[in-house]
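This is a predicted model, so every value here is computed, not measured. Lettering of chains follows the sequences in order, A, B, ..., and the numbering in each one begins at 1.
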Amino acid sequence: MRYEAGSIETKWQAKWEADGLHHARDHDPRPKFYLLTMYPYPSGDLHVGHWYPMAPSDAIARYKRRQGFNVMLPIGFDAFGLPAENAAIERGIHPYTWTMDNIARMRRQLRSMGAMWDWAREVVTCDPGYYKWNQWFFLKMYEKGLAYRALAPVDWCPKDNTTLAREQVVGDERVCERCGTPVVKKNLEQWFLKITAYADELLDFSKIEWPERVRVLQTNWIGRSQGVEFAIPVAGRPHTSFRVFTTRPDTVFGMTFCVLAPEHPLVDELTTPEHRRAVEAYKFKAARESDIERLSTEKERDGVFIGAYAVNPMNQAPVPIYIADYVLVTYGTGAIMGVPAHDVRDFDFARKYGLPIPVVIAPPGWDGQSLREAYLGEGTMVNSGPFDGLSSQEGWQRIADEMVRRGIGERRVNYRLHDWLISRQRYWGTPIPIIYCDRCGVVPVPYDDLPVRLPEDAEFRPTGESPLRYHEGFLNVRCPRCGEPARRETDTMDTFIDSSWYQYRYVSPHYDAGPFEPEKARYWLPVDQYTGGVEHAVMHLLYTRFWTKVMRDMGLVAFDEPMIRLFNQGTILGTDGNKMSKSKGNVVNPDDVVQKYGADTLRAYLMFIGPWDEGGPWNTRGIDGIARFLNRVWTLVAEPPKPAAGAGDAGPSERELDYWIHHTIRRVTDDLEAFRFNTAIAALMEFSNVLQRAKGGPLADGPLWQEALRTFVSLLAPLCPHIAEELWVEHLKQPYSVHTQPWPAYDPQKATAERITLVLQVNGRVRDRIEVAAGISDAEARELALGSAKVQQYLNGKSVADVIVVPGRLVNVVVT
RNA sequence: GCGGGCGUAGCCGAACUGGUAUAGGCGCCAGACUUAGGAUCUGGUCGGCGCAAGCCGGUGGGGGUUCGAGUCCCUCCGCCCGCACCA
């Protein structure tokens with residue numbers, strides 16, 4: 001009989017479901033284990049890439065449960081976002097309909113995997129019962145000053161006449177994904193969350209076990225730098241100055257110019273009439289091109305003199321003021337001191353415009369000549385007035401002290417991290433619960449009025465403008481304070497808000513008195529193990545850490561980090577080695593694979609491709625190997641031994657079979673513990689090959705044989721849950737369910753082979769291999785090695801300098 | 001440019017703290033069973049020389065440490081992924 005995956009899988013899925021086998025109970029004496037995999041976005045483009053993160057995490061969940069944990073493995077959908085709205089604009093389907101249809105399709109498809117998801121905890125973020133709490137959190141943050149409104153540069157598409165979300169700006173050319181027009185920056189009033197208030201704490205990873213890679217990415221993204229911010233007066237204007245930030249106050253005497261960002265607020269005021277034309281032209285160019293030009297690595301640094309001069313506060317030297325787009329308005333103060341001798345960019349700039357390049361930090365052994373390139377290292381201060389002769393490190397502190405003493409500057413820490421811009425000029429997202437009243441100003445929506453619901457009867461215009469701006473019923477509202485007519489905020493929230501706290505909602509998805517039920521949260525939280533793609537390293541994974549710290553400071557949770565451990569799986573690629581995409585025609589549809597091979601085969605294949613964190617290309621032939629393996633497993637367990645088979649081979653001895661049982665338990669246990677699914681499956685394949693041989697021999701059908709089969713099926717169960725259940729219950733006649741049986745334990749004694757191959761080397765080269773008892777003493781091993789005829793052959797009269805014995809492995813005879 | 005990672009058979013990949021390189025799978029070759037097989041089973045499969053026993057070479061190149069290096073150190077080459085004028 002051939003193994004019929006289809007009927008077996010649907011049968012057990014139905015029974016598990018009916019028995020509530022996968023429901024995670026809130027009150028349970030077992031230790032809890034909260035395993036979370038990043039929830040999927042319900043795009044219409046379903047492929048096997050959705051299974052790749054999911055199947056192994058289900059195997060972990062099943063393994064952990066067998067280890068005695070009360071495991072929660074929830075599932076939900078990241079349901080807000082741009083593709084739904086684009087479908088609405090392009091095809092006239094309402095985003096809600098589009099999203100819910102996709103979710104329905106995905107639910108069915110995901111269920112066919114046979115994973116132990118607790119569907120009773122499902123969370124869908126576009127449900128008002130969910131996004132109500134986004135709004136609640138927003139209001140709480142607003143009260144604490146963590147949500148604020150400010151003018152900010154955003155990406156703007158001049159053709160569609162609308163702002164674009166980050167994700168809508170595509171390609172190296174940074175164009176609008178819909179019309180291909182290059183985006184520009186535009187200043188708009190936007191809502192921000194004050195993530196920078198937590199920048200320093202977010203740099204502390206001591207309470208989590210996350211991959212080095214993610215920690216490095218987050219650290220760089222936050223980009224902490226220490227320096228001094230100080231004021232530079234403008235020449236001839238006693239009351240005008242601008243501030244600059246520097247990490248090198250020790251170089252301040254080398255300043256020969258200043259640069260303001262083109263968008264700096266003082267530019268217009270300081271520009272002299274004869275330079276206005278050039279300045280305006282440069283500003284225009286910078287606004288239109290900065291983001292595009294930035295991509296060319298060899299872009300020449302340029303700028304424009306604005307006609308005004310600044311005064312170096314340390315030596316009163318006047319220096320020209322330029323604008324240049326290499327100075328960013330978004331970092332530091334949007335202005336810098338130009339010290340060409342000790343900064344690469346300033347050096348290039350000074351060369352281009354013929355500005356002097358005086359050395360103020362002498363490199364060790366400096367000959368007094370001018371520099372060929374900027375010198376960035378430490379050295380001795382020169383040309384720096386009273387600070388001459390100091391080391392640059394000491395000069396750093398002394399000049400900083402002097403600036404503080406004179407009240408013109410202070411020590412400062414700057415971050416690359418910006419506050420989180422959450423406003424989206426989009427319909428399909430959580431409405432920001434704010435009302436604008438002409439009399440009362442910015443008024444938060446009262447908590448009792450939450451949720452602010454998205455109107456269903458929205459009109460999606462081809463221009464891409466948010467329907468909320470034209471929806472009279474949504475827009476017009478009474479001010480909650482004075483009762484006069486007012487307007488709603490029409491922007492919605494970034495969807496990364498949804499994913500910042502979804503793990504908390506799974507704890508009590510239907511709870512109505514708060515984002516989650518405190519008592520249950522105390523039991524389940526935080527997440528013990530999180531898995532997902534590394535592409536979220538500096539977005540979602542940073543935001544959710546921020547969110548947790550805010551919740552902690554609100555008294556909602558008592559811990560500092562949302563997820564203790566993190567694992568980043570790789571990406572599954574198409575048969576051509578490229579990322580799977582519809583346009584490339586290399587997409588593998590899991591439905592087809594399940595139809596042809598069954599879910600267990602697909603699961604095992606995905607885990608067998610290679611290390612989980614590396615991903616890899618889909619290989620159509622490779623899955624045939626797994627299908628053959630499961631067919632052999634089926635025959636092995638379900639069909640009675642045939643005495644005639646394997647006549648020439650007596651198979652393993654009883655001791656050997658016992659060894660294989662315990663050896664395999666150890667290997668599979670260690671591998672699952674470390675998420676090494678590929679080698680766990682290889683271990684099972686080896687075991688099955690041994691069992692195959694045993695089946696033809698005298699051991700078949702004895703008690704040890706039965707134990708071997710039970711062990712094999714038991715170890716296979718987390719990886720291939722259906723076939724294991726079928727074999728366990730129907731053929732081995734063991735109690736339902738294999739998935740609730742204790743994980744097999746191994747006996748370390750039995751897991752050690754009785755006899756081993758001892759490698760004999762002469763000067764590190766293998767010369768002989770002999771089979772010996774595993775427990776052989778070093779002295780015995782030494783004697784056997786020296787007694788080996790082959791070893792003797794290589795000794796050949798030379799004197800033995802040393803004999804190195806590695807117990808259980810080898811003997812190396814060193815001769816001279 | 002800076003940061004992180006990687007390089008092992010024809011292909012995907014094993015190899016724990018340095019200790020038999022290439023487990024397991026794919027593919028390929030041969031055989032068995034078959035009317036037939038792209039089904040199934042069995043055996044073989046790093047390269048060179050050799051009838052064979054065996055010898056030699058071999059983990060991107062070169063060098064080093066060590067009794068012993070895929071693993072550690074230096075250096076070069078190639079590939080992938082982030083960030084990219086951050087003052």
Side-chain angles (χ1 to χ4, degrees), chain A residues 2 211-217 219-221 223-225 227 229 244-248 251 259 261 290 293-295 297 299 301 324-328 330-339 342-346 348-349 414-418 534-535 537-538 570-571 605 608-611 613-614 616-626 628-629 631-632 635 645-649 667 670 674 676 678-689 692 756-769 790 801-816:
Chain A
R2 288 288 310 281
E212 158 93 15
R213 184 160 169 222
V214 174
R215 300 202 312 262
V216 167
L217 282 170
T219 302
N220 292 344
W221 187 262
R224 186 181 199 272
S225 70
E229 186 179 312
V244 298
F245 174 73
T246 179
T247 55
R248 293 295 303 273
T251 67
V259 184
S290 61
E293 293 295 309
R294 181 169 300 175
L295 270 299
T297 43
K299 190 207 167 191
R301 250 175 277 289
D325 64 3
Y326 81 89
V327 174
L328 309 174
T330 50
Y331 183 76
T333 59
I336 61 157
M337 63 172 191
V339 182
H342 305 292
D343 182 282
V344 177
R345 295 150 301 177
D346 296 347
D348 291 350
F349 194 82
N414 252 325
Y415 301 93
R416 294 180 56 186
L417 180 73
H418 291 58
V534 74
E535 65 273 17
V538 292
T571 311
Y605 173 63
F608 190 61
I609 285 176
D613 55 351
E614 285 175 25
W618 179 270
N619 181 328
T620 316
R621 289 272 173 79
I623 197 169
D624 286 324
I626 293 290
R628 280 200 281 270
F629 166 63
N631 265 320
R632 279 199 299 275
T635 317
D649 184 2
R667 286 176 71 185
D670 290 351
R676 291 189 300 250
N678 56 329
T679 48
I681 292 171
L684 287 169
M685 285 173 167
E686 285 183 64
F687 190 24
S688 91
N689 291 340
Q692 206 73 47
I756 54 152
T757 302
L758 191 68
V759 169
L760 307 183
Q761 296 181 333
V762 177
N763 283 348
R765 303 186 67 98
V766 179
R767 296 305 179 186
D768 198 4
R769 295 179 170 92
K790 285 178 181 165
D802 199 3
V803 178
I804 290 153
V805 180
V806 183
R809 288 195 181 272
L810 59 77
V811 180
N812 187 14
V813 181
V814 185
V815 297
T816 47

B:U42 to B:G58 separation - C1' atoms, rounded to the nearest Å: 30 Å

Phosphate contact (B:A14 OP1 or OP2) by A:N678 side-chain N/O below 4.0 Å: yes

Pairwise P distance for B:A14 and B:G60, with rounding to whole Å: 15 Å

Pair partner, B:C28 [Watson-Crick or wobble, under 3.5 Å]: B:G44

A:N619 side chain, from C-beta outward: closest of B:C26, B:G24, B:A84: B:C26

Watson-Crick or G-U wobble partner of B:U71, both distances under 3.5 Å: none

Whole-Å C1' distance, B:G27 and B:G38: 14 Å

Geometric class of the A:F245/A:Y331 ring pair [parallel <30°, tilted 30-60°, perpendicular >60°]: perpendicular

A:I804 CD1 to A:Q761 CD distance, which is reported to the nearest 0.5 Å: 9.0 Å

Interatomic distance, A:I609 CD1 vs B:A14 P [rounded to whole Å]: 12 Å

Whole-angstrom distance between B:C81 and B:C29, as gauged at atom P: 36 Å

Counter-base of B:A15, judged by Watson-Crick or G-U geometry with both distances under 3.5 Å: none

Gap between atoms CZ and P, on A:R769 and B:A21 respectively (whole Å): 6 Å

Value rounded to 0.5 Å, distance of CZ in A:R345 from CG in A:D348: 10.0 Å

Below 4.0 Å: OP1/OP2 of B:G25 and any side-chain N or O of A:N689: yes

Any A:K790 side-chain N or O less than 4.0 Å from OP1/OP2 of B:G54: yes

Whole-Å P distance, B:G7 and B:C73: 14 Å

P-based separation of B:C26 from B:A39 [nearest Å]: 11 Å

Atom P, compared across B:C79 and B:G70: separation rounded to whole Å: 25 Å

Distance below 4.0 Å between A:R632 side-chain N/O and B:G24 OP1 or OP2: no

Nearest-Å distance for atom pair CZ/P, residues A:R621 and B:G24: 21 Å

Phosphate-side-chain proximity, A:R628 and B:G38, N/O vs OP1/OP2 below 4.0 Å: no

Rounded distance in Å between the C1' positions of B:C67 and B:G5: 33 Å

A:Q692 side chain, from C-beta outward: closest of B:G24, B:U42, B:A87: B:U42

